[in-house]
Amino acid sequence: MRFLPDAEQTAFGRNLDRMFAAADTPSAVRAWARGEHGPGRELWARVAGAGVFGLAVPEAHGGSGLLPVELGVAFVELGRHAAPGPLVETVAAAVLLGRFAGDGLAGAWLPRICTGQVMASLAMPCGGPYALDADAADAVLVVSGDPADDLHLARDCDPVQASLDPARRLARPRDGELLATGPGVREAACCAADWAAFATAAQALGVGLALLDRTVGYARQRTQFGVPIGSFQAVKHRLADVLIGLEFARPLLHGAAVALAGRAPEASAEVAAAKVAACEAAYAAARTALQVHGAVGYTAEYDLSLWIGKARALRGAWGTPAECRAKVLHK
Amino acid sequence: MRFLPDAEQTAFGRNLDRMFAAADTPSAVRAWARGEHGPGRELWARVAGAGVFGLAVPEAHGGSGLLPVELGVAFVELGRHAAPGPLVETVAAAVLLGRFAGDGLAGAWLPRICTGQVMASLAMPCGGPYALDADAADAVLVVSGDPADDLHLARDCDPVQASLDPARRLARPRDGELLATGPGVREAACCAADWAAFATAAQALGVGLALLDRTVGYARQRTQFGVPIGSFQAVKHRLADVLIGLEFARPLLHGAAVALAGRAPEASAEVAAAKVAACEAAYAAARTALQVHGAVGYTAEYDLSLWIGKARALRGAWGTPAECRAKVLHK
Amino acid sequence: MDLDFTPQEQAFRADARAWLADHVPCRPLTSLETRQGFAEHRAWERTLCDGGWSAVSWPREYGGRGASLLEWLVFEEEYYAAGAPFRVSQNGIHLLAPTLLEHGTEEQRARILPAMASGETVWAQAWSEPEAGSDLASLRSAAVRTEGGWLLSGVKTWSSRAAFADRAFGLFRSHPGAARPHQGLTYAMFPLDADGVTVRPIGRLDGKPAFAELFLDGVFVPDADVIGEPGRGWQTAMSTAGSERGLTLRSPGRLAAAAGRLAALWRTAADPDDTALRDRVADAVIRARAYRLYGYAQACAGRLAAGAEASLTKVFWSELDLAVHETALDLLGPDGELAEGAWPDGYVFALAGPIYAGTNEIQRDIIAERLLGLPKGRRG
Amino acid sequence: MDLDFTPQEQAFRADARAWLADHVPCRPLTSLETRQGFAEHRAWERTLCDGGWSAVSWPREYGGRGASLLEWLVFEEEYYAAGAPFRVSQNGIHLLAPTLLEHGTEEQRARILPAMASGETVWAQAWSEPEAGSDLASLRSAAVRTEGGWLLSGVKTWSSRAAFADRAFGLFRSHPGAARPHQGLTYAMFPLDADGVTVRPIGRLDGKPAFAELFLDGVFVPDADVIGEPGRGWQTAMSTAGSERGLTLRSPGRLAAAAGRLAALWRTAADPDDTALRDRVADAVIRARAYRLYGYAQACAGRLAAGAEASLTKVFWSELDLAVHETALDLLGPDGELAEGAWPDGYVFALAGPIYAGTNEIQRDIIAERLLGLPKGRRG
């Protein structure tokens, strides 16, 4: 058993971390929130260049084969830096299309997803009616019907709506060209949903880690009543609880990655467990971060806000806590 | 509006408080837990002498008429002192029988309940299959059937079983003599169930107040790391939360008393709200009391244990939290 | 013990209900944290004032209607049950006005209160400073004596409503040599458009400028705009602080309406068999009911939880408000992520509840030390 | 990354499972907190030892089977999944033995460990004193030098298992002039039936004598029964403390079995549509799974969470254990109030989890200060 990231995987994460740190990611996020996609698109190209999207694409289509462990490592960093855009949706779209390998669709889209040329968004019944960042995406895929057997390329979308995470903008897509239909779509969509939930869980873990880091740093230096507020037991204990939540979400995420890699029948349940644990830990981190920072944490101009809203949004995205818990028990 | 206990009601509570404090109640409780009912029976006589049981009995049968406010005041004190015996059940039995005023039953039992000669226990479908302290009770009433239209006097009971509160011993009664039957029984049982839940809520509030008092006292004098443990913020904040829980349960209890007194149609829901709030507050008080006391709180020989087990037991008695919450919304 | 209203109180309720039914805008106003919304809310204050409902508990001479505590609770119930707008004058009416009524001069009351009631003057609070948040007594902004008044300098921040308000009130260090940090402070009022004042709006989490930073550079305040004795501003302000935390800032009626809307949402939008959601909705309803009854008890006792007891209330309503809104967002499913609408707006607002008016950590310290008598810790 | 077991590990699991299937008593033993139950559990330790399963991670020479960390985790999974009895030798095996293996002499190991593995000697811990609980370093019981050893005097309390155990181990102040409270302590072992020892059993919440108070009056301890260097007992004991809090005291396998039983109870006894209960059961299953995977990761990293990391584990398993049992009692409805049975017994046991082995408050302080690097507070 080797239930730890290996040196290469660790280095991959570290390199992504450095890349984002050097790229003034917060500015790109703020621009994205204003609907200015240029800086975010540059970041997207670098994410693609690092091979992140290829981790969800078969080798035949320019990817590295489906590598959930590495994908998880990457999405923790994407979350840690609050990277903008339909990252999860593009990965899920890649998985969905990858299941149609052989017919023309995969060949048409997947190579361009790998290179970052195509930023895809995706709406499926299990993820709600909205497509994330539909205004920025090059393609919005829609799975619909009852049963959900139809795969459409959305013709267009309703206007994007702001969300509680200013960097996440939601739009209701309208069905367009029918790309494929049949039970194969449904099966592929189920698989894609697992990958979406998994990537969201990893992203949430990264969000939580960033919130904890920043809050610990703040609590060390912010002084009230003549002492650093981090010396108050109430602050200490809340932050300790945040660390516990995140540290015990991490192995579930790794377990889900292993299950996805092995196409294990219990992968859905493992992903659901990781999703609820990581998202609840991240949301608790956000609440604590806000409370420990006080008013400054409540302001949009302070970078902390980039993660606070995201923690709330990811909690509901691609599987609510209740849906995940049901999946864990009914597997 | 006069939504506060009046001077007489306050004095009534204070007198009961003094009576229990002078009576070495903890010894009576411990004896009761061993199945030695003598000291508990003496206490019972004093409770009756103070007029507590009469508060649930019509004047025609020797009581003071149904006075839920005063009954609530009394049961807070009964809880505060962890008084043993089927106190709630005797009150509920009185209310049940009082609904048959005119026929012989009420006349046969109620005067003797008022004077403390009859200690009654009671099992009804909504309260589960067990009768509290059936071995000590002079009469065990059972409402059963489907619909629950039959009122029996239990012939005998299965052996008493210990519960998580050593002073509460449970037994499954066997049907005996049929005392009454028909929809009137069912209607009276519903009313009795509300009174049982109400008295339990009051008792729980008293239990919680006692736990808080004792724990605050302990935290003030117990020293670790050179300071009273009550100066640690973690201890302070837990105790503050306990106080908040109890202080906001109290008005719900008073509101339920007013609703019962006015036979208001929403009385069931008001009682349910008070029950869940008081019982959850008392259980939180117990968990905090245990944690702040540490090992000494975990010992049977330390009096705190008399309240800790009771807080757990009352939480489930006469309406679980889930049942109460359902009642609040479906009134 | 009873929960009966007198015929007079019932008439008061009926009057309030009827007036609100006639006047509450049928469409929600724009968020008061925007320029347009601020203006709309200011106009609503004028309408309220014309009806005599702007500050019901004040004496009639200042624009109130001399309502009792219980009547005030009734008004708040009716007000929020009618879906009436949030009060842009809240800071003035519930923080400044009680201080003026207790410590102000007759001239101050006559000059300030009617304009406050009508929304002509909207007030911002200016307590916090960059280095003085929870530890308010460590504030540094200065009031320097000058002829006929004081010159204020320094930085105030997290000043709610200040982006669009007219005037502000706060504490300033006027006697820097005082033995203890709580001493030597002066309670002063100043216009936000005065010479020397720079207002920098600050966006809250969703970007709306719900507060501002105030840079003060020799702002002149005449003696007439100092409340109470100079140098004893802390003592003067404490009545305000208790009032801020207690029932008045977030009334039982307001929370009851929020819980009621949540229950209505649950009935229409949720799976009734989903007991997990049901339990959360029920708890919100129960806690809102507890708060309402708690308010009645306080009114019957002749006081609205003040002093340390106000801290119990502050923790209770702020946590309840957040629970109500978190539950609503969960109930809304995917729509719960959208930023527009009363629920997400209320959620972002509720997130600040455990922070402002003294963090809940400070409130719990106060509860433990002053109500439970636990030994003082290192704080302070 | 993988979760694959080697053929050797798989064989180890199969061996353990087969042996347990053959030997685990079909009826639960009497509670080990009773005299009769204690004897039954001691006999079970003998059976385990005869099978070679009593202390799998120890070297073979002392009665172990030299199992790896991962194999130990596997054994614990199989052990508790098989419904095998709780371990009356737990204190010795998981607290004393690691200390002896690290700091003991070869003579001590050879003399003490095999008898511990067989249940011939059952050990109690004797850390706490009436005035030294969370603040363990303030202990006062004394070790006074005498010819060939030490004389112990003082009071030890909350000594788990001591009502029926054979020997105990603990810390004693041997060099009272030391500069700091953590210095000048000596780690000593002594028989509970020695001259000068009085054992007063103490009943836990349900009255069962789960621990005892020990009065020591000049109890002679030969030098051979001191572990490590006299005066440096605190340092010697710390390895034990980390071990107590970490994975070893309450293994992932034990919690996984508890969560599994809860899920089984839920499937048979609960309304499947009751989502409130379902969520609690699911959370227990998820957290138990997290703990199991966390254990694997630790084993792969070659360490079982020690030092400050053990504090994370301690808080996690103690809260999980309590949540599992509280949920079970709620699931049981009216039967959840009864005292007899595995669930209520486990509930009472779980209530102590956040207290022993260092309260969870102390653990959170350690996490905050040592893992997060927050400034030390007033404690210590």
Side-chain angles (χ1 to χ4, degrees), chain B residues 30 33-34 123 125-130 132 160-166 168-170 172 222-227 229 231-235 238 283 286-287 290-302 304-306 308-310 312-318 320-323 325-326, chain D residues 128 130-138 157-160 181 200-211 213 271 274 276-277 322 326 329-341 343-345 347-349 351-356 358-362 364-365 377-380:
Chain B
R30 292 182 184 286
R34 292 190 302 268
C126 66
Y130 301 105
L132 179 64
V160 288
Q161 300 182 62
S163 91
L164 286 171
D165 172 3
R168 286 170 65 93
R169 293 141 56 93
L170 305 173
R172 213 178 263 272
R222 168 72 173 174
T223 296
Q224 290 282 274
F225 303 104
V227 293
I229 61 171
S231 64
F232 287 108
Q233 208 180 20
V235 171
R238 279 193 79 155
Y283 187 60
R287 292 276 298 104
L290 182 55
Q291 190 65 22
V292 172
H293 278 82
V296 70
Y298 189 68
T299 60
E301 65 191 42
Y302 192 69
L304 191 78
S305 63
L306 306 183
I308 287 179
K310 201 173 295 293
R312 173 85 213 166
L314 295 181
R315 188 171 163 278
W318 298 108
T320 65
E323 288 163 353
R325 291 188 177 109
Chain D
S128 298
E131 299 304 319
S134 294
D135 183 12
L136 187 59
S138 71
T157 191
W158 322 128
S159 179
S160 298
R200 185 180 77 84
I202 306 179
R204 64 176 191 182
L205 281 178
D206 60 5
K208 290 174 187 151
F211 31 45
E213 194 166 19
D271 173 3
D274 185 336
L277 271 174
L322 192 51
E326 286 184 320
L329 295 193
D330 283 352
L331 259 166
L332 288 167
D335 286 342
E337 197 191 325
L338 298 175
E340 285 305 314
W343 286 118
D345 200 60
Y347 168 70
V348 172
F349 192 86
L351 277 177
I355 298 170
Y356 57 70
T359 65
N360 285 10
E361 284 74 26
I362 295 286
R364 287 189 171 93
D365 282 348
R378 201 178 42 194
R379 182 179 62 77

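Lettering of chains follows the sequences in order, A, B, ..., and the numbering in each one begins at 1.
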Hey, which of [options] has the most heavy atom pairs under 4.5 Å with chain D?
options                : answer
B:Q224, B:R222, B:Q161 : B:Q224
B:G294, B:A33, B:A162  : B:A162
B:G316, B:A295, B:G309 : B:A295

Got more than 12 heavy atoms from elsewhere within 6.0 Å of CD, B:E301?
yes
Closest approach of [X] and [Y], non-hydrogen atoms and distance?
X      : Y      : answer
B:G128 : D:P334 : CA-CG, 3.8 Å
D:L338 : B:Y130 : CD1-OH, 3.3 Å
B:G297 : D:L205 : O-CD2, 3.6 Å
D:W158 : B:V296 : CH2-CA, 3.4 Å

If I measure from the heavy atoms of chain B, does [X] come under 4.5 Å with its side chain, its backbone, both, or neither?
X      : value
D:L277 : neither
D:P130 : backbone
D:A132 : backbone
D:A352 : both

Could you tell me which portion of B:L170 (side chain, backbone, both or neither) has an atom closer than 4.5 angstrom to a non-hydrogen atom of chain D?
side chain
Counting only heavy atoms closer than 4.5 Å, note whether B:R325 contacts chain D via side chain, backbone, both or neither.
neither
For chain B, which of D:T359, D:N360, D:D335 has the most heavy-atom pairs under 4.5 Å?
D:D335
Winner by heavy-atom pair count (cut-off under 4.5 Å) against chain B, out of D:G203, D:G333, D:A339, D:G133
D:A339
Hey, are the side chains of B:F225 and D:I362 touching, using non-hydrogen atoms and a 4.5 Å cut-off?
yes
Would you check if D:D330 and B:T320 make a side-chain contact, meaning some heavy-atom pair closer than 4.5 Å?
no
Flag, side chain of B:Q291 to backbone of D:P354, donor-acceptor distance under 3.5 Å:
yes
Between the side chain of B:Y298 and the main-chain N/O of D:V348, is any donor-acceptor distance below 3.5 Å?
yes
Spacing of CG belonging to B:L132 relative to CD belonging to D:E337, to within rounding of 0.5 Å:
7.5 Å
Gap between atom CD1 of B:I308 and atom CG of D:L351 - 0.5 Å precision:
8.0 Å
Should D:E326 and B:R315 count as an ion pair when the cut-off is N to O under 4.0 Å?
no
